[in-house]
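Worth knowing before you read on, the calculation uses all heavy atoms, side chains too, and leaves out hydrogens, waters and symmetry mates.
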Amino acid sequence: MRYEEFTRSDIERMRRKPVLLLPVGAMEQHGPHLPVGADLIQVTHVLAHVAAKTGAVLAPPIPYGLVQTSRPFPGSVSVSFDALRAYVRDVLADFVRNGFKRIVVVSGHAEGTHLAALRTAAKEVVDRGGADITVLSDYDFVYEAFREEGDGHAGQVETSRLLTQRPELVKGRARKGENRIPKFAVVRDARKYWSGVTGDPTKASPELGRKVDRFVEEMLVAVVRSAAKRRV
């Protein structure tokens, strides 16, 4: 079920609103071989399957996020922490006002400051009462189960997922890369230390992508079913 396809009468007739899934992405460089919308593509793809399996409602995605490390590279588009927090807070609050009390926010972009803005927005809505909101990234599951040492942004796993989901958008394979930003350092331009790729995309395969996506779907299905059982 997709939120944008409902009429106002459809929404009004729902006595017990199902869990609402809110995908959040980012426009961020993903090396020379993956599309800048990779974070949005991955999360909307997997959540469409989760919605079909659970009966959850899939909301239209929020395409922009907070991009810091990749921002100096061509193609990256970022919003500020406060802008993202305020926008997501308002969107969540109005979904709650429409009766969707259980919401799962899933971000395809896993940068820490970005996720902090989402969690801060959710906390402000939850503190008003009458809402149960979960905030996570699909990569919370991905890297827990599949991350090889040194793999990360636009590397083996992420390239594999795009080969499964949108193979026509994958432009060959980038060379292996490593993030050499000094530990704990705040740098102005990450390009001095990083190619934009972490890991080895040449090892990517559609088979691995399908395996990763199946696992992520299973984990998110469990999250949605747990949220559906909780009382608000």
Side-chain angles (χ1 to χ4, degrees), residues 3 19-30 34-47 50 56-73 75-98 100-144 147 152-154 158 179 181 183-190 194 196 198 216 219-220 223-224 227 232:
Y3 187 88
V19 173
L20 184 92
L21 301 174
L22 177 60
V24 182
M27 293 298 115
E28 177 190 27
Q29 74 82 27
H30 278 75
L34 297 182
V36 295
D39 292 340
L40 182 64
I41 291 167
Q42 292 171 83
V43 73
T44 52
H45 176 91
V46 74
L47 285 183
V50 173
V57 171
L58 182 59
I62 295 175
Y64 297 102
L66 197 163
V67 178
Q68 289 187 328
T69 307
S70 286
R71 193 179 182 195
F73 290 88
S76 296
V77 177
S78 181
V79 298
S80 69
F81 184 98
D82 287 339
L84 182 61
R85 174 194 57 78
Y87 185 77
V88 172
R89 177 200 62 207
D90 289 352
V91 170
L92 291 173
D94 249 31
F95 277 129
V96 174
R97 182 180 62 83
N98 276 280
F100 293 90
K101 309 294 187 182
R102 298 169 182 83
I103 303 174
V104 177
V105 180
V106 185
S107 176
H109 182 50
E111 196 161 359
T113 314
H114 167 88
L115 288 168
L118 301 183
R119 292 191 175 104
T120 302
K123 182 65 163 59
E124 292 178 12
V125 176
V126 168
D127 282 351
R128 299 176 186 177
D132 181 307
I133 303 177
T134 301
V135 179
L136 72 158
S137 169
D138 54 348
Y139 275 89
D140 290 331
F141 298 126
V142 171
Y143 287 146
E144 181 180 313
R147 188 174 193 171
H153 186 84
E158 195 160 19
N179 190 334
I181 297 174
K183 193 173 183 179
F184 307 123
V186 178
V187 300
R188 182 176 182 181
D189 191 340
W194 184 45
T198 302
V216 173
M219 295 296 99
L220 288 173
V223 168
V224 170
V232 180

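Put simply, the side chain of Asn98 never gets that close to the backbone of Phe95: no donor and acceptor are under 3.5 Å apart. No side-chain donor-acceptor contact under 3.5 Å links Ser107 to the backbone of Ala110. Thr198 places no side-chain N or O within donor-acceptor distance of the main-chain N or O of Gly152, the cut-off being under 3.5 Å.
For the atom pair CG of Leu22 and CD1 of Ile62, the computed distance is 4.5 Å after rounding to the nearest 0.5 Å. Here the straight-line distance linking atom CG of Leu66 with atom CG of Leu84 works out to 6.5 Å at 0.5 Å rounding. With rounding to the nearest 0.5 angstrom, the CD1 atom of Ile41 is 9.0 Å from the CG atom of Asp39.
Shown here are the side-chain contact (heavy atoms from CB on, under 4.5 Å) partners of Ala56, two or more places apart in sequence or in another chain: Val19, Leu21, Thr54, Val224. Applying the ring-ring contact (aromatic ring centres under 6.0 Å, His included) criterion to Tyr64, with sequence neighbours excluded, gives no partner residue. Scanning for side-chain contact (heavy atoms from CB on, under 4.5 Å) contacts around Asp94 gives Arg97, with sequence neighbours left out. By the ring-ring contact (aromatic ring centres under 6.0 Å, His included) test, Tyr143 pairs with Tyr139, sequence neighbours left out. Considering only residues two or more places apart in sequence or on other chains, Thr69 meets the side chain to side chain donor-acceptor pair (under 3.5 Å) condition with Glu111. When the ring-ring contact (aromatic ring centres under 6.0 Å, His included) test is applied to His153, the partners found at least two apart in sequence or on another chain are His30, Trp194. When the ring-ring contact (aromatic ring centres under 6.0 Å, His included) test is applied to Phe141, no partner is found at least two apart in sequence or on another chain. Qualifying side chain to side chain donor-acceptor pair (under 3.5 Å) partners for Thr134, counting only residues two or more places apart in sequence or in other chains: Arg230. Residues meeting the side chain to side chain donor-acceptor pair (under 3.5 Å) test with Gln68, sequence neighbours left out: Thr113. For the side chain to side chain donor-acceptor pair (under 3.5 Å) test, residues two or more places apart in sequence or in another chain that qualify with Ser70 are Glu28, Gln29.
The minimum heavy-atom distance between Pro23 and Val43, with the atom names listed, is CB-CG1, 4.0 Å. In terms of heavy-atom proximity, Met27 sits nearest to Pro63 at CE-O, 3.7 Å. Heavy atoms only, all atoms of each residue included: Val96 and Lys101 are closest at O-NZ, 3.5 Å. The shortest non-hydrogen separation linking Gly196 to Ala154 is O-CB, 4.1 Å. In terms of heavy atoms, Tyr3 sits closest to Pro60 at CB-CD, 4.0 Å. The minimum heavy-atom distance between Ala190 and Ile181, with the atom names listed, is CB-CD1, 3.8 Å.
Using a 4.5 Å heavy-atom cutoff, the side chains of Val105 and Leu92 are in contact. Two residues are said to be in side-chain contact when any heavy atoms from C-beta on lie closer than 4.5 Å; Val24 and Leu118 meet this criterion. Looking at heavy atoms from C-beta onward, Asp140 lies out of side-chain contact with Val142 at the 4.5 angstrom threshold.
For residues 75-94, no residue pair satisfies the ring pair (Phe, Tyr, Trp, His ring centres under 6.0 Å) rule, not counting sequence neighbours.
Of the residues Val104, Leu220, Asp138, Val223, the one that meets the side chain to side chain contact (heavy atoms under 4.5 Å, CB included) test with Val50 is Leu220.
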One pair to check against side-chain hydrogen bond (donor to acceptor under 3.5 Å, both in side chains): His109 and Ser137. What are the steps and the verdict? CA-CA 7 Å; His109 182 50; Ser137 169; over 6 Å; no
Throw together a table of side-chain donor-acceptor distances under 3.5 angstrom for residues 120-129, partners on residues two or more places apart or in other chains.
| unit_1 | atom_1 | unit_2 | atom_2 | d |
| --- | --- | --- | --- | --- |
| Thr120 | OG1 | Ala116 | O | 2.7 |
| Lys123 | NZ | Asp127 | OD1 | 2.9 |
| Lys123 | NZ | Asp127 | OD2 | 2.7 |
| Glu124 | OE1 | Arg85 | NH1 | 3.4 |
| Glu124 | OE1 | Arg89 | NH1 | 3.4 |
| Glu124 | OE2 | Arg85 | NH1 | 3.2 |

